[in-house]
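Counting starts at 1 for both ligands and their atoms, following the listed order.
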Amino acid sequence: MKYIILIGDGMADHPLELLGGRTVLQKANTPNMDQMTKNGLAGLAINVPEGYPPGSDVANMSVMGYDPALYYSGRAPLEAASMGIPLGAKDVAFRCNLITIKDGLIADHSAGHITSEEAKELIEAVDAELGSEELKFYPGISYRHLLVASNGLGANADCTPPHDVIDGYMDDHMPKGDGSDVLGKLIEDSIPILEAHPINEKRISEGKNPGNSLWLWGQGYAPSFRTFEELYGLTGSVISAVDLVMGLGIYAGLDVIEVPGATGYLDTNYVGKAEFAMASLKDKDFVVVHVEAPDEAGHMGDLEAKLQAVEDFDENVVGTVLRAARESDEDYTIVVLPDHPTPIALRTHTSEPVPFVMYSTLEDEVDDVETFDEDAMKKGSLGIVRGCDLVQLMMERAKQA
Ligand SMILES: O=C(O)[C@@H](CO)OP(=O)(O)O
(Lines give C-alpha, C1' and ligand atoms only; values in the text may rest on other atoms or scores of the structure.)
Protein backbone atom coordinates (compact mmCIF):
# COMPACT_ATOMS: atom_id res chain seq x y z
CA MET A 1 0.00 0.00 0.00
CA LYS A 2 1.25 3.51 -0.81
CA TYR A 3 0.07 6.63 1.02
CA ILE A 4 -0.60 10.08 -0.47
CA ILE A 5 -1.75 13.31 1.18
CA LEU A 6 -2.79 16.20 -1.11
CA ILE A 7 -3.15 19.59 0.60
CA GLY A 8 -4.95 22.54 -1.01
CA ASP A 9 -3.71 25.27 1.35
CA GLY A 10 -6.54 27.53 2.48
CA MET A 11 -9.14 25.85 0.21
CA ALA A 12 -11.96 25.79 2.76
CA ASP A 13 -14.10 28.91 2.99
CA HIS A 14 -17.43 30.28 4.29
CA PRO A 15 -20.83 30.59 2.57
CA LEU A 16 -20.75 33.66 0.32
CA GLU A 17 -23.69 35.85 -0.73
CA LEU A 18 -21.93 36.27 -4.08
CA LEU A 19 -22.29 32.49 -4.52
CA GLY A 20 -25.88 32.35 -3.35
CA GLY A 21 -24.85 31.11 0.08
CA ARG A 22 -22.50 28.43 -1.24
CA THR A 23 -18.84 28.10 -0.33
CA VAL A 24 -15.99 28.13 -2.87
CA LEU A 25 -15.74 24.32 -2.61
CA GLN A 26 -19.49 24.00 -3.25
CA LYS A 27 -19.34 26.34 -6.25
CA ALA A 28 -16.08 25.15 -7.82
CA ASN A 29 -16.14 22.30 -10.34
CA THR A 30 -14.26 19.53 -8.48
CA PRO A 31 -15.09 16.23 -10.21
CA ASN A 32 -12.03 14.41 -8.90
CA MET A 33 -12.46 15.31 -5.22
CA ASP A 34 -16.17 14.49 -5.62
CA GLN A 35 -15.29 11.16 -7.25
CA MET A 36 -13.01 10.27 -4.35
CA THR A 37 -15.74 11.32 -1.90
CA LYS A 38 -18.38 9.16 -3.63
CA ASN A 39 -16.01 6.17 -3.48
CA GLY A 40 -14.29 6.80 -0.17
CA LEU A 41 -14.74 7.84 3.45
CA ALA A 42 -15.28 11.41 4.63
CA GLY A 43 -14.87 13.44 7.77
CA LEU A 44 -13.70 16.70 9.31
CA ALA A 45 -10.16 17.27 10.57
CA ILE A 46 -9.09 19.56 13.39
CA ASN A 47 -5.71 20.74 12.09
CA VAL A 48 -5.49 23.73 14.44
CA PRO A 49 -5.83 22.51 18.04
CA GLU A 50 -7.45 24.73 20.68
CA GLY A 51 -5.11 27.49 21.82
CA TYR A 52 -2.95 27.58 18.67
CA PRO A 53 -2.93 30.32 16.02
CA PRO A 54 -4.56 29.12 12.75
CA GLY A 55 -1.33 29.34 10.78
CA SER A 56 -0.22 27.04 7.98
CA ASP A 57 2.67 26.03 10.22
CA VAL A 58 0.41 24.48 12.88
CA ALA A 59 -2.09 23.13 10.34
CA ASN A 60 0.40 21.49 7.98
CA MET A 61 2.37 20.10 10.92
CA SER A 62 -0.84 18.35 12.02
CA VAL A 63 -1.63 17.02 8.56
CA MET A 64 1.89 15.61 8.24
CA GLY A 65 1.31 13.59 11.41
CA TYR A 66 2.96 15.76 14.05
CA ASP A 67 0.97 16.96 17.09
CA PRO A 68 1.67 20.71 17.50
CA ALA A 69 1.46 20.27 21.28
CA LEU A 70 4.60 18.12 21.06
CA TYR A 71 6.50 19.65 18.15
CA TYR A 72 5.47 23.26 17.48
CA SER A 73 8.02 25.98 18.31
CA GLY A 74 7.11 28.63 15.71
CA ARG A 75 7.01 28.99 11.95
CA ALA A 76 10.32 30.60 11.07
CA PRO A 77 12.60 27.87 12.49
CA LEU A 78 10.91 25.45 10.07
CA GLU A 79 11.50 27.83 7.17
CA ALA A 80 15.13 28.24 8.27
CA ALA A 81 15.68 24.50 7.85
CA SER A 82 14.44 24.67 4.26
CA MET A 83 16.63 27.69 3.57
CA GLY A 84 19.69 25.84 4.90
CA ILE A 85 20.16 28.30 7.76
CA PRO A 86 21.57 26.60 10.88
CA LEU A 87 20.11 27.76 14.21
CA GLY A 88 22.10 27.66 17.45
CA ALA A 89 20.36 26.86 20.74
CA LYS A 90 19.88 30.57 21.51
CA ASP A 91 19.10 31.71 17.97
CA VAL A 92 15.59 32.97 17.28
CA ALA A 93 14.37 32.78 13.68
CA PHE A 94 11.80 35.36 12.54
CA ARG A 95 9.76 35.31 9.37
CA CYS A 96 10.60 38.56 7.58
CA ASN A 97 7.98 39.57 5.03
CA LEU A 98 8.56 42.23 2.43
CA ILE A 99 5.27 44.13 2.65
CA THR A 100 3.78 47.21 0.99
CA ILE A 101 2.84 50.12 3.19
CA LYS A 102 0.74 53.01 1.92
CA ASP A 103 -0.10 56.02 4.11
CA GLY A 104 0.89 54.06 7.21
CA LEU A 105 -1.39 51.14 6.31
CA ILE A 106 -0.30 47.53 5.70
CA ALA A 107 -1.61 47.52 2.15
CA ASP A 108 -0.18 44.20 0.93
CA HIS A 109 1.41 41.38 2.97
CA SER A 110 3.17 40.11 -0.13
CA ALA A 111 4.51 43.29 -1.82
CA GLY A 112 2.56 42.35 -4.93
CA HIS A 113 3.99 38.80 -4.85
CA ILE A 114 7.38 40.28 -5.61
CA THR A 115 9.78 37.97 -7.46
CA SER A 116 12.44 36.15 -5.46
CA GLU A 117 15.14 37.79 -7.58
CA GLU A 118 13.92 41.33 -6.85
CA ALA A 119 13.39 40.50 -3.18
CA LYS A 120 16.90 39.08 -2.83
CA GLU A 121 18.41 42.42 -3.79
CA LEU A 122 16.17 44.26 -1.33
CA ILE A 123 16.89 41.90 1.57
CA GLU A 124 20.63 42.08 0.87
CA ALA A 125 20.43 45.89 0.88
CA VAL A 126 18.65 45.82 4.26
CA ASP A 127 21.17 43.33 5.66
CA ALA A 128 24.07 45.51 4.52
CA GLU A 129 22.66 48.46 6.48
CA LEU A 130 20.92 46.83 9.44
CA GLY A 131 22.56 43.41 9.76
CA SER A 132 25.12 42.71 12.48
CA GLU A 133 26.74 39.88 14.44
CA GLU A 134 23.48 39.50 16.37
CA LEU A 135 21.00 40.18 13.55
CA LYS A 136 21.25 38.51 10.12
CA PHE A 137 18.73 38.74 7.24
CA TYR A 138 18.39 35.92 4.70
CA PRO A 139 16.52 36.09 1.36
CA GLY A 140 13.92 33.41 0.65
CA ILE A 141 11.03 32.92 -1.78
CA SER A 142 9.03 35.87 -3.11
CA TYR A 143 7.96 37.98 -0.10
CA ARG A 144 8.97 35.32 2.44
CA HIS A 145 12.38 35.93 4.08
CA LEU A 146 14.12 35.35 7.37
CA LEU A 147 15.83 37.21 10.22
CA VAL A 148 17.96 35.28 12.71
CA ALA A 149 18.52 37.05 16.04
CA SER A 150 21.05 35.66 18.53
CA ASN A 151 20.83 35.44 22.33
CA GLY A 152 17.08 34.86 22.35
CA LEU A 153 16.25 38.38 21.22
CA GLY A 154 12.49 38.80 20.78
CA ALA A 155 11.68 35.12 21.36
CA ASN A 156 8.61 36.02 23.40
CA ALA A 157 7.62 39.20 21.59
CA ASP A 158 4.01 39.53 20.52
CA CYS A 159 4.26 39.71 16.71
CA THR A 160 1.31 39.81 14.29
CA PRO A 161 1.18 38.03 10.90
CA PRO A 162 0.77 40.82 8.33
CA HIS A 163 -1.85 38.84 6.38
CA ASP A 164 -4.02 38.98 9.52
CA VAL A 165 -4.10 42.79 9.49
CA ILE A 166 -4.26 43.81 5.84
CA ASP A 167 -5.37 47.50 5.59
CA GLY A 168 -4.59 47.96 9.29
CA TYR A 169 -2.30 50.71 10.53
CA MET A 170 1.30 49.57 11.00
CA ASP A 171 1.51 51.48 14.27
CA ASP A 172 -1.41 49.49 15.70
CA HIS A 173 0.28 46.15 15.03
CA MET A 174 4.00 46.67 15.62
CA PRO A 175 5.77 44.02 17.77
CA LYS A 176 5.06 44.35 21.49
CA GLY A 177 6.76 43.06 24.63
CA ASP A 178 10.12 41.30 24.89
CA GLY A 179 12.69 42.79 22.48
CA SER A 180 10.01 44.68 20.58
CA ASP A 181 12.00 47.91 20.74
CA VAL A 182 14.73 46.34 18.60
CA LEU A 183 12.24 44.59 16.30
CA GLY A 184 10.18 47.75 15.82
CA LYS A 185 13.29 49.78 15.04
CA LEU A 186 14.37 47.23 12.41
CA ILE A 187 10.98 47.60 10.71
CA GLU A 188 11.09 51.39 10.88
CA ASP A 189 14.73 51.62 9.74
CA SER A 190 14.04 49.31 6.79
CA ILE A 191 11.56 51.72 5.24
CA PRO A 192 13.91 54.47 3.98
CA ILE A 193 16.37 51.85 2.71
CA LEU A 194 13.66 50.05 0.76
CA GLU A 195 11.77 53.11 -0.48
CA ALA A 196 14.96 54.51 -2.02
CA HIS A 197 15.97 51.22 -3.68
CA PRO A 198 15.94 51.18 -7.52
CA ILE A 199 14.08 47.84 -7.49
CA ASN A 200 11.14 49.52 -5.77
CA GLU A 201 11.34 52.64 -7.90
CA LYS A 202 11.07 50.36 -10.95
CA ARG A 203 8.18 48.38 -9.45
CA ILE A 204 6.27 51.59 -8.74
CA SER A 205 6.93 52.83 -12.30
CA GLU A 206 5.44 49.53 -13.54
CA GLY A 207 2.37 49.97 -11.34
CA LYS A 208 3.41 47.13 -9.01
CA ASN A 209 3.33 47.25 -5.22
CA PRO A 210 6.81 47.95 -3.81
CA GLY A 211 8.40 45.95 -1.01
CA ASN A 212 8.89 49.12 0.99
CA SER A 213 8.92 47.73 4.52
CA LEU A 214 9.94 44.61 6.43
CA TRP A 215 7.53 42.89 8.80
CA LEU A 216 8.72 40.49 11.51
CA TRP A 217 6.62 37.65 12.95
CA GLY A 218 6.36 33.84 13.37
CA GLN A 219 9.46 33.62 15.50
CA GLY A 220 10.81 30.69 17.48
CA TYR A 221 13.70 28.45 18.47
CA ALA A 222 14.63 25.31 16.53
CA PRO A 223 12.23 22.42 17.28
CA SER A 224 13.20 18.79 17.77
CA PHE A 225 11.34 16.15 15.76
CA ARG A 226 11.30 12.39 15.66
CA THR A 227 11.50 11.32 12.03
CA PHE A 228 8.40 10.28 10.11
CA GLU A 229 9.93 6.82 9.67
CA GLU A 230 10.46 6.49 13.44
CA LEU A 231 6.85 7.51 14.09
CA TYR A 232 5.11 5.57 11.31
CA GLY A 233 7.62 3.12 9.84
CA LEU A 234 7.18 4.68 6.41
CA THR A 235 9.74 6.25 4.09
CA GLY A 236 8.52 9.32 2.26
CA SER A 237 8.83 12.63 0.44
CA VAL A 238 7.38 16.12 0.53
CA ILE A 239 6.53 18.33 -2.44
CA SER A 240 5.88 22.05 -1.88
CA ALA A 241 7.08 25.42 -3.17
CA VAL A 242 7.12 27.13 0.24
CA ASP A 243 9.92 26.90 2.77
CA LEU A 244 7.49 26.23 5.63
CA VAL A 245 6.32 22.86 4.29
CA MET A 246 9.74 21.91 2.90
CA GLY A 247 11.16 22.72 6.34
CA LEU A 248 8.57 20.47 8.01
CA GLY A 249 9.68 17.74 5.62
CA ILE A 250 13.33 18.23 6.50
CA TYR A 251 12.67 18.03 10.24
CA ALA A 252 10.56 14.89 9.58
CA GLY A 253 13.44 13.29 7.69
CA LEU A 254 11.41 13.18 4.47
CA ASP A 255 12.99 13.69 1.05
CA VAL A 256 12.24 17.20 -0.26
CA ILE A 257 11.43 17.00 -3.98
CA GLU A 258 11.81 20.28 -5.88
CA VAL A 259 9.50 20.47 -8.89
CA PRO A 260 10.46 22.80 -11.77
CA GLY A 261 7.87 25.58 -12.13
CA ALA A 262 6.51 25.19 -8.60
CA THR A 263 5.96 28.80 -7.50
CA GLY A 264 3.86 28.85 -4.32
CA TYR A 265 1.38 30.95 -6.28
CA LEU A 266 -1.59 30.69 -8.69
CA ASP A 267 0.72 29.90 -11.63
CA THR A 268 2.40 26.89 -10.05
CA ASN A 269 3.18 23.64 -11.89
CA TYR A 270 0.18 21.65 -10.65
CA VAL A 271 0.60 18.64 -12.96
CA GLY A 272 4.33 18.51 -12.32
CA LYS A 273 3.77 18.26 -8.57
CA ALA A 274 1.38 15.33 -9.08
CA GLU A 275 3.65 13.54 -11.54
CA PHE A 276 6.72 13.92 -9.32
CA ALA A 277 4.66 12.64 -6.39
CA MET A 278 3.61 9.46 -8.19
CA ALA A 279 7.18 8.87 -9.42
CA SER A 280 8.49 9.21 -5.84
CA LEU A 281 6.34 6.27 -4.77
CA LYS A 282 8.31 3.88 -6.95
CA ASP A 283 10.76 3.56 -4.05
CA LYS A 284 9.02 5.33 -1.14
CA ASP A 285 5.90 4.53 0.88
CA PHE A 286 4.45 8.03 1.40
CA VAL A 287 4.29 11.44 -0.24
CA VAL A 288 2.64 14.71 0.78
CA VAL A 289 1.91 17.34 -1.87
CA HIS A 290 1.18 20.91 -0.74
CA VAL A 291 -0.29 23.56 -3.07
CA GLU A 292 -0.27 27.16 -1.80
CA ALA A 293 -2.40 28.78 -4.52
CA PRO A 294 -5.92 28.72 -2.97
CA ASP A 295 -4.55 30.33 0.20
CA GLU A 296 -2.90 33.18 -1.69
CA ALA A 297 -6.20 33.84 -3.50
CA GLY A 298 -7.97 33.85 -0.14
CA HIS A 299 -5.54 36.40 1.28
CA MET A 300 -6.07 38.57 -1.79
CA GLY A 301 -9.85 38.35 -1.27
CA ASP A 302 -10.06 37.32 -4.93
CA LEU A 303 -13.04 35.00 -5.43
CA GLU A 304 -12.42 34.26 -9.11
CA ALA A 305 -8.76 33.45 -8.41
CA LYS A 306 -9.71 31.12 -5.55
CA LEU A 307 -12.33 29.30 -7.62
CA GLN A 308 -9.72 28.86 -10.35
CA ALA A 309 -7.05 27.69 -7.91
CA VAL A 310 -9.40 25.08 -6.42
CA GLU A 311 -10.39 23.84 -9.89
CA ASP A 312 -6.74 23.74 -11.00
CA PHE A 313 -5.86 21.78 -7.85
CA ASP A 314 -8.72 19.36 -8.47
CA GLU A 315 -8.08 18.83 -12.18
CA ASN A 316 -4.30 18.90 -12.30
CA VAL A 317 -3.19 17.59 -8.92
CA VAL A 318 -6.01 15.39 -7.62
CA GLY A 319 -7.07 14.24 -11.10
CA THR A 320 -3.54 13.37 -12.18
CA VAL A 321 -2.92 11.41 -8.97
CA LEU A 322 -6.31 9.65 -9.08
CA ARG A 323 -5.90 8.53 -12.69
CA ALA A 324 -2.35 7.25 -12.11
CA ALA A 325 -3.35 5.46 -8.90
CA ARG A 326 -6.32 3.73 -10.55
CA GLU A 327 -4.18 2.62 -13.52
CA SER A 328 -1.39 1.29 -11.29
CA ASP A 329 -0.95 -2.31 -10.06
CA GLU A 330 -0.19 -0.83 -6.60
CA ASP A 331 -2.86 -0.01 -4.02
CA TYR A 332 -3.08 3.56 -2.70
CA THR A 333 -4.71 5.28 0.25
CA ILE A 334 -5.15 8.97 -0.53
CA VAL A 335 -6.27 11.83 1.72
CA VAL A 336 -7.25 15.19 0.22
CA LEU A 337 -7.93 18.23 2.39
CA PRO A 338 -7.25 21.91 3.07
CA ASP A 339 -4.84 22.69 5.90
CA HIS A 340 -7.16 25.43 7.19
CA PRO A 341 -9.88 27.76 5.82
CA THR A 342 -8.76 31.09 4.30
CA PRO A 343 -12.16 32.75 3.84
CA ILE A 344 -12.31 35.30 1.01
CA ALA A 345 -14.37 37.66 3.18
CA LEU A 346 -11.76 37.69 5.96
CA ARG A 347 -8.60 37.51 3.80
CA THR A 348 -6.91 35.42 6.51
CA HIS A 349 -7.03 32.04 8.24
CA THR A 350 -9.63 30.59 10.57
CA SER A 351 -9.26 27.51 12.72
CA GLU A 352 -12.49 25.54 12.29
CA PRO A 353 -12.28 21.87 11.26
CA VAL A 354 -11.80 21.24 7.54
CA PRO A 355 -13.38 18.65 5.21
CA PHE A 356 -11.27 15.65 4.23
CA VAL A 357 -11.74 12.54 2.13
CA MET A 358 -9.87 9.27 2.66
CA TYR A 359 -9.97 7.28 -0.58
CA SER A 360 -8.54 3.83 -1.25
CA THR A 361 -8.07 2.40 -4.72
CA LEU A 362 -9.55 -0.79 -3.23
CA GLU A 363 -12.81 1.20 -3.02
CA ASP A 364 -13.78 -1.25 -0.29
CA GLU A 365 -15.46 1.25 2.05
CA VAL A 366 -17.81 3.99 0.89
CA ASP A 367 -19.75 6.69 2.69
CA ASP A 368 -23.05 8.08 1.53
CA VAL A 369 -21.45 11.45 0.67
CA GLU A 370 -21.49 12.80 -2.87
CA THR A 371 -19.48 16.03 -2.88
CA PHE A 372 -16.28 17.37 -1.34
CA ASP A 373 -17.27 20.41 0.69
CA GLU A 374 -17.52 21.78 4.22
CA ASP A 375 -21.16 20.73 4.73
CA ALA A 376 -21.32 17.37 2.97
CA MET A 377 -18.33 15.98 4.88
CA LYS A 378 -20.19 16.48 8.18
CA LYS A 379 -22.12 13.33 7.25
CA GLY A 380 -18.93 11.29 6.76
CA SER A 381 -18.46 8.11 8.78
CA LEU A 382 -15.00 9.19 9.99
CA GLY A 383 -16.55 12.04 11.99
CA ILE A 384 -14.28 14.70 13.50
CA VAL A 385 -10.66 13.60 13.91
CA ARG A 386 -7.40 15.29 14.97
CA GLY A 387 -5.42 16.16 11.85
CA CYS A 388 -2.28 14.76 13.45
CA ASP A 389 -3.98 11.33 13.64
CA LEU A 390 -4.74 11.14 9.90
CA VAL A 391 -1.55 9.27 8.89
CA GLN A 392 -2.21 6.65 11.59
CA LEU A 393 -5.84 6.42 10.43
CA MET A 394 -4.73 5.88 6.82
CA MET A 395 -2.50 3.02 7.91
CA GLU A 396 -5.20 1.42 10.08
CA ARG A 397 -7.69 1.56 7.23
CA ALA A 398 -5.16 -0.07 4.92
CA LYS A 399 -4.59 -2.89 7.40
CA GLN A 400 -8.35 -3.53 7.67
CA ALA A 401 -8.64 -3.82 3.87
O1 LIG B 1 3.51 32.40 3.52
C2 LIG B 1 2.81 33.24 4.12
O3 LIG B 1 3.22 34.32 4.57
C4 LIG B 1 1.38 32.92 4.39
C5 LIG B 1 0.42 33.97 3.89
O6 LIG B 1 0.38 34.03 2.54
O7 LIG B 1 1.10 31.68 3.76
P8 LIG B 1 0.32 30.60 4.60
O9 LIG B 1 -1.02 31.22 4.78
O10 LIG B 1 0.32 29.38 3.79
O11 LIG B 1 1.03 30.47 5.90
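Close N/O approach between H340 and ligand 1 is not found [any backbone or side-chain N/O within under 3.5 Å]. In terms of polar-atom proximity, N97 is not counted as a contact of ligand 1, lacking any N or O under 3.5 Å from an N or O of the ligand.
Atoms of ligand 1 lying under 4.0 Å from at least one heavy atom of H299, given by number and element, are 5 (C), 6 (O), 9 (O). The E296 neighbourhood of ligand 1 comprises atoms 6 (O), with distances under 4.0 Å to a heavy atom of that residue. Counting the atoms of ligand 1 from 1 in the order shown, those under 4.0 Å from a heavy atom of D9 are 10 (O). Atoms of ligand 1 lying under 4.0 Å from any heavy atom of H109, numbered from 1 in the order shown and given with element: 6 (O). Set against the non-hydrogen atoms of R75, the atoms of ligand 1 under 4.0 Å away are 1 (O), 2 (C), 4 (C), 7 (O), 8 (P), 11 (O).
With salt bridges taken as basic N to acidic carboxylate O contacts below 4.0 Å, one links K136 and D127. Look at K306 and D295 and you find no salt bridge, because none of the NZ, NE, NH1 or NH2 atoms lies under 4.0 Å from a carboxylate O. Using a 4.0 Å cut-off between charged nitrogen and carboxylate oxygen, R397 and E365 count as a salt-bridge pair. Ion pairing between R323 and E327 fails under the 4.0 Å rule for side-chain N and carboxylate O. Salt-bridge check for K379 with E374: failed, with every basic side-chain N at 4.0 Å or more from each acidic carboxylate O.
Of the options S56, P162, G140, the smallest heavy-atom separation from atom 10 (O) of ligand 1 is shown by S56. Considering R144, M300, E79 only, the shortest heavy-atom separation from atom 1 (O) of ligand 1 involves R144.
Checking N97 against H163 by side-chain atom types alone, no donor-acceptor pair falls below 3.5 Å.
For atom 3 (O) of ligand 1, the closest heavy atom belonging to the protein is R95 NH1, 2.8 Å. Of all protein heavy atoms, the one lying nearest to atom 6 (O) of ligand 1 is Y143 OH, 2.7 Å. E292 OE2, 3.1 Å is the protein heavy atom nearest to atom 7 (O) of ligand 1.
Relative orientation of the Y66 and F228 rings is tilted, given thresholds of 30° and 60° on the angle between their planes. Using bins of under 30°, 30° to 60° and over 60° for the plane-to-plane angle, the ring pair H109/H113 lands in the perpendicular bin.
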